[in-house]
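As structure tokens, the structure follows; a few thoughts come after it.
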Amino acid sequence: MNRISILILVLLFPFMGKAQINEVSANLRLHDHPRLFLYDEDLENVRNSVNSNTLVAEVHRQLISKANMILEQSTNKKRMEGRRMLAVSTDNLNRIFILSYAYRMTEDSRYSDRAREEMLEAASFDDWNPSHILDTGEMTLALVIGYDWLYNKLSADDRRTIARAITSKGLDPSENDAYNRSFIQQDHNINQVCNASFGIAAIALWENDKRRAARILSRSIQHVRMPMRNYAPDGAYAEGPGYWEYGTSFNVAFIAALEKALSTDYGLSETPGFLASARFYACMITPSGNTFNYGDGGSPPLLPPSLIWFHGKTHDSSLLAHALSLYPQHGTTIRRQWRNGRFAPLIPVWAAGMDNMEKPAEELSSLDCFRGDQSVCVMRSSRTDPDGAYVGVKLGTPSYAHAHMDVGSFIYEYQGVRWALDPGSETYNTFEQRGIDFWNYRQDSPRWRIYRHDNLHHNTLSFGQQLQIVSGKVLIGDTTDSPLRKTVAADLTPVYAGQVKSLRRTVSLEDGKFCRVVDEIHTDGSTVLSWNMMTAATVERISDTTLKLSSGQRQLFLKASGIRGASWTFSEAKPYQAYERPNPGITELHLTAALQPQTAYTLTVAFADEP
């Protein structure tokens, strides 16, 4: 082998599986249809699980209930929302998957007939909007599931029509450079969703064009490794738990499809940090049944199907313990998430034969840190007490997909109340339709002039009303974990470069109850500090440095000390522009103080149960 060949192999090796470095062979013989996730001979095992496992039985009931609802709805038509058709693609994936599951479990032809109508309608669309390739990916997978799971119920003409649509409107654009660069070259959720969808399609349509199927499947296996590298070292998903649920769910489905059809995942599940990421997600679910929703993350499911798959891989019952403990209080929410989820039909499939899903598990540790491009730490008094304390700390950088200027921000829950909150994400289409460069992450980007995105409206700091430095990146510093005090410290200087000489923040959970934040600030020139926090509590001033926060019958005090002349102000969380999302019931707090040049300050802001 010459030096050039060796160099090529060295450069490509990180993208290649341990099992092989050549393309998937076109000579493979795959199982007859259905071949994705669930063979016909496995159905009895799933039915037995429905009859014996209370969780699976409840999921099954919700899926059949949703299938019955779909029977009463009209078929989805092509509908654009700005530049996206994604809502239609996602709904079709949900509908066709659930209807196909309902047919396979009950053999009631109403469900297969309705899925057929949905697939033929989607096949008639002029295209699946490849300019926003996520739309194409999800619609491709939607029809692939129905094509494979209902293969023996569809006529030969129907199969040809559906397969032709999958090929011309899904796989063809995926191999067109005008469209595929938007997922091939990305290292985040778009890559996972699209490579999974097109890779699974290649498995389903294998015999139609084996050489092309092998090429597309090889491409998916190779390129999905790019975003999967970002799970290292501890499993943190840089785009937050909401996008973890999105990208990882498709990634898991792809691995599961490979394992079922080809008896190997080409080493994908062995990617460093990937299996550990389930623990990351479990830690993002708070005692109150909410999530640590940093960045554009939104509010993901409390018990996503992928956690069942991870549980089967790791046999770590702590991954499910907290989510299952939330069911009595949040069953309505969880059931709605199952009915509306893309991959909920795989819960009974992946859970079949698991007999320890609902066994009590040891609580997760009281302090967990996840390093990576967007490092996070969580501290808690308990994972099972709904009134327990929880503190989440977000570090990292603003210059990452779906990131906000929330470096150094924290959330705090206690007694079932989120006292310090993240304001959440914005509606993408609102800004795109106004021509605002929403996806630009440069320092001067209009993205940072959005209320919910800047550091003035996250639980962090600003100096002279300046924005955080997008090129800065903050790592996890020292941590301590003792029964009475848990702490996370970090040097925030990189995201405030040129604004102060140095800044170190230490966030702690004291006595298993109270959050305390200590900021050690060394100024360069004179500046005005603003210590910022968002809350849904009712706010009452006690003094310049003490506020009373109330939520229902609960109350806490927020006390500041360490800087002479510092004073609290608070106001309604009113967006900059009328078209931005409103923030009903949220109040923004700002502790402000004039800081002298070349001076060291230590500011402490602490929650307490008395003034």
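All values derive from a computational prediction rather than experimental measurement. One-based numbering along the sequence shown.
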Taking the inter-plane angle between the rings of [X] and [Y] on a 0 to 90° scale, is it parallel (under 30°), tilted (30 to 60°) or perpendicular (over 60°)?
X	Y	answer
F183	F198	tilted
H402	Y243	parallel
W439	Y441	tilted
F343	F250	perpendicular

Apply side chain to side chain donor-acceptor pair (under 3.5 Å) to residues S288 and E413 and explain how you reach the verdict. CA-CA 8 Å; S288 68; E413 283 189 8; 2.8 Å; yes
Is it the case that the side chain of [X] and the backbone of [Y] share a donor-acceptor pair, with hydrogens and angles ignored and the cut-off at 3.5 Å?
X	Y	answer
S375	G372	yes
R505	G408	yes
S445	W448	no
T493	L503	yes
T90	A87	no
N191	P227	no
T314	D316	yes

With no hydrogens and no angle check, just 3.5 Å: does a side-chain donor-acceptor pair link [X] and [Y]?
X	Y	value
K559	T545	no
T248	S306	no
D481	S366	yes
Y390	S381	no
H132	D135	yes
Y496	T460	yes
N129	R83	no

Can you find a pair of side-chain heavy atoms, one from [X] and one from [Y], that are under 4.5 Å apart?
X	Y	value
Q374	V474	no
F557	D609	no
L595	Y601	yes
L134	C194	yes
M534	H457	yes
L549	V417	no
L529	I563	yes

Would you call [X]-[Y] a salt bridge at under 4.0 Å N-O?
X	Y	result
R581	E426	no
R279	D234	no
D387	R554	yes

Check the pair L558, M533 against side-chain contact (heavy atoms from CB on, under 4.5 Å), reporting the backbone distance first and the verdict last. CA-CA 11 Å; L558 191 59; M533 197 185 95; 4.1 Å; yes
Starting from the C-alpha separation in whole Å, work towards a yes-or-no answer on side-chain contact (heavy atoms from CB on, under 4.5 Å) for T535 and I586. CA-CA 6 Å; T535 185; I586 298 179; over 6 Å; no
Starting from the C-alpha separation in whole Å, work towards a yes-or-no answer on side-chain contact (heavy atoms from CB on, under 4.5 Å) for L326 and I285. CA-CA 10 Å; L326 293 169; I285 302 173; 3.7 Å; yes
Please step through side-chain contact (heavy atoms from CB on, under 4.5 Å) for the pair D524 and Q598, ending with a clear verdict. CA-CA 5 Å; D524 194 357; Q598 301 296 324; 2.9 Å; yes
Which one of V224, I190, N251 satisfies the side chain to side chain contact (heavy atoms under 4.5 Å, CB included) criterion with N195?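 It is V224, the one option of V224, I190, N251 that forms the side chain to side chain contact (heavy atoms under 4.5 Å, CB included) with N195.
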Quickly, which of S249, P304, P300 forms a side chain to side chain contact (heavy atoms under 4.5 Å, CB included) with W244? Name it, please. P304
Do F431 and H453 have ring centroids that are under 6.0 Å from one another?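 No.
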Sub-6.0 Å ring centroid separation between F292 and Y294: yes
side-chain hydrogen bond (donor to acceptor under 3.5 Å, both in side chains) involving R449 - partner list, sequence neighbours excluded: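 Not a single residue meets the side-chain hydrogen bond (donor to acceptor under 3.5 Å, both in side chains) criterion with R449.
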Walk me through it: do N532 and E588 pass the test side chain to side chain donor-acceptor pair (under 3.5 Å)? CA-CA 7 Å; N532 312 309; E588 58 178 86; over 6 Å; no
Would you please test H458 and D406 for side chain to side chain donor-acceptor pair (under 3.5 Å) and show each step? CA-CA 6 Å; H458 283 90; D406 56 5; 4.6 Å; no
Contact summary for I469 and P398, nearest pair of heavy atoms: O-CD, 4.0 Å
Where S89 and E138 come nearest, the two heavy atoms and their spacing: CB-CB, 3.9 Å
Within a 6.0 Å radius of atom [atom1] on [X], are there more than 12 heavy atoms belonging to other residues, nucleotides or ligands?
X	atom1	result
K513	NZ	no
R516	CZ	no
R434	CZ	yes

For R447 and D296, what are the C-alpha separation, side-chain angles and deciding distance, and is it a salt bridge (Lys or Arg N to Asp or Glu O under 4.0 Å)? CA-CA 12 Å; R447 180 179 180 84; D296 287 339; 3.2 Å; yes
Atom pair CD1 (I133) and OG (S174), whose distance is rounded to the nearest 0.5 Å: 7.0 Å
Go through the steps to decide whether R79 and D91 satisfy the test salt bridge (Lys or Arg N to Asp or Glu O under 4.0 Å), and finish with yes or no. CA-CA 12 Å; R79 183 182 72 257; D91 194 36; over 6 Å; no
D187: what forms a salt bridge (charged side-chain N to carboxylate O under 4.0 Å, His left out) with it, not counting sequence neighbours? none
Tell me, with the steps shown, if F607 and Y414 meet ring pair (Phe, Tyr, Trp, His ring centres under 6.0 Å). CA-CA 10 Å; F607 292 82; Y414 178 51; 9.7 Å; no
Taking it one step at a time, do W568 and D544 satisfy side chain to side chain donor-acceptor pair (under 3.5 Å)? CA-CA 6 Å; W568 286 110; D544 282 350; over 6 Å; no
When you look at D422 and K394, which way does the salt bridge (Lys or Arg N to Asp or Glu O under 4.0 Å) test go after all the steps? CA-CA 11 Å; D422 187 294; K394 164 68 173 59; over 6 Å; no
Consider ring pair (Phe, Tyr, Trp, His ring centres under 6.0 Å). Of F274, F280, Y281, which one does F310 pass it with? F274
